[in-house]
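Encoded as structure tokens, the structure appears first; notes follow it.
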Amino acid sequence: MMNTKYFSNSIRATAIAAATVFLTSCTGSGNQQTAGFEDIPDSLQSAPLTLSENVVNDMIQNISSPVEMANQIKNSGAGFDQSVLNDAEKIKDYSTSFKRALNLGAYSADLGYINTFNKNSVVVSYLLAVKDLADGINVGQFLDFNTLSRLAKNSTNLDSLKLLSVSSFNEIDRYLREQKRSNVSTAIVAGAWIEGIYITCRVIEQTHDAELINRLAEQKDIASILLIILNNYSKGDANFQALVSKLDEIKTIYDNVKITTEFGTPETKEVDGMLIIEQNEITHVDITEEQVNQIIEKIKATRQFIVE
């Protein structure tokens, strides 16, 4: 049994808050025609439940956060491994809007990994894949490919590239929700989350890094939240039903992972000339090697469903 202790960045709190808002924010919604997601029935184009914009923003940052996860991988000492990425040439295989949305998320996670390791030689092909898929679901207008490509070719511009990338995907998410296309946004988020965790799993298999195992265990609440949201679109839709089935298998394993949180000692620090108090949380994780291996295998199977 692995009993580990680490500081959490309020991810569990965000997940719980998102669940609370999601479950209590029932609203009526009309059937609005959605361009670019034609393979999903009109009756599912808008969600009967909604999240507040603040909660959505927090959730997107915590679920997709491919750059943060990639930084953890880099800090583990693992080197860049292009074989863990979804092949950029596979975009031609994604002919349905559901697959395009899922893999737009997956390629965004790949970009986070590529950018973190400063691999300028491969970044443009993944930017092209992202742009192609975004155009395929009518959100390509939010990606300034020329600027992104220019920044990607110069390692000194990586901070600007990351900022612009995050901003672009936030704009896509906001636009889709405003257009009652939150099902598309949810598919993008699911693809990004699975790809980011998949890359992490591949590194765990190689390094057995304790911090990465912590991060994998930490996804327990995120998996539950994502499953709730995906379930919202699964009634009568085979695409979401299949994805929900995969996520449900992951959650079943996570149900036996024990995570408890206690408040740590508050810390004071100066920010912009002001003294602030920051309350740390100490999170205890109990996860067995068998559970880690089971989660990894289910993540692999779900990722295969997304990219095949």
Side-chain angles (χ1 to χ4, degrees), residues 6-11 57-88 90 102-131 133-134 143-145 147-173 188-219 222 296 299-300 303 306-307:
Y6 62 98
F7 289 96
S8 168
N9 292 323
S10 301
I11 290 180
N57 287 339
D58 286 342
M59 188 181 68
I60 293 297
Q61 292 299 320
N62 285 319
I63 290 181
S64 54
S65 58
V67 173
E68 180 188 357
M69 197 65 87
N71 280 329
Q72 290 283 341
I73 291 172
K74 190 174 184 179
N75 291 339
S76 75
F80 178 78
D81 181 3
Q82 190 171 345
S83 71
V84 305
L85 304 176
N86 188 21
D87 189 344
K90 291 182 68 175
L102 283 176
N103 284 283
L104 175 56
Y107 283 125
S108 73
D110 289 341
L111 274 173
Y113 178 71
I114 292 167
N115 290 336
T116 298
F117 283 88
N118 301 343
K119 295 299 178 179
N120 300 348
S121 59
V122 296
V123 71
V124 173
S125 63
Y126 281 83
L127 284 172
L128 281 169
V130 165
K131 184 64 167 65
L133 292 175
L143 293 173
D144 184 348
F145 174 78
T147 301
L148 288 169
S149 180
R150 176 173 53 79
L151 293 174
K153 292 175 182 177
N154 189 337
S155 60
T156 62
N157 292 325
L158 285 178
D159 286 341
S160 296
L161 175 62
K162 292 173 184 176
L163 181 61
L164 181 57
S165 298
V166 171
S167 175
S168 296
F169 278 97
N170 284 342
E171 285 297 316
I172 289 172
D173 177 74
I188 295 172
V189 171
W193 183 73
I194 289 296
E195 183 74 357
I197 301 304
Y198 168 78
I199 295 172
T200 302
C201 287
R202 289 284 300 271
V203 176
I204 287 174
E205 288 183 314
Q206 298 169 13
T207 66
H208 306 286
D209 183 79
E211 183 60 28
L212 288 179
I213 291 173
N214 284 342
R215 295 290 291 174
L216 182 64
E218 181 185 55
Q219 303 303 305
I222 302 300
I296 288 174
I299 291 292
K300 283 182 175 180
R303 195 263 192 173
I306 290 172
V307 304

**Request:** Quick one: pull up OG in Ser125 and CD1 in Ile114 and give me the separation to the nearest 0.5 Å.
**Result:** 6.5 Å
**Request:** Would you mind reporting whether Tyr113 and Lys74 have side-chain heavy atoms less than 4.5 Å apart?
**Result:** no
**Request:** With the side chain counted from C-beta on, respond yes when Ile204 and Asp209 share a heavy-atom pair under 4.5 Å apart, and no when they do not.
**Result:** no
**Request:** Side-chain contact test, heavy atoms from C-beta onward, threshold under 4.5 Å: evaluate it for Val307 versus Arg303 and give yes or no.
**Result:** yes
**Prompt:** Quick one: are Ile306 and Glu195 in side-chain contact, heavy atoms under 4.5 Å?
**Reply:** no
**Heavy-atom side-chain contact between Leu85 and Tyr107 under 4.5 Å** = no
**Heavy-atom side-chain proximity of Asp81 to Arg202 below 4.5 angstrom** = yes
**Arg215 CZ to Ser76 OG distance, which is reported to the nearest 0.5 Å** = 12.5 Å
**Request:** Please step through side-chain contact (heavy atoms from CB on, under 4.5 Å) for the pair Leu102 and Ile188, ending with a clear verdict.
**Result:** CA-CA 5 Å; Leu102 283 176; Ile188 295 172; over 6 Å; no
**Message:** Does the structure place the NZ or CZ of Lys300 under 6.0 Å from the centre of the six-membered ring of Tyr198, at an angle of no more than 45° from the ring's axis?
**Reply:** no
**Request:** Using only heavy-atom distances, determine whether the side chains of Asn86 and Asp110 contain a donor-acceptor pair under 3.5 Å.
**Result:** no
**Asked** Given Ile197 and Gln219, is the side-chain contact (heavy atoms from CB on, under 4.5 Å) satisfied, shown in steps?
**Response** CA-CA 9 Å; Ile197 301 304; Gln219 303 303 305; 3.5 Å; yes
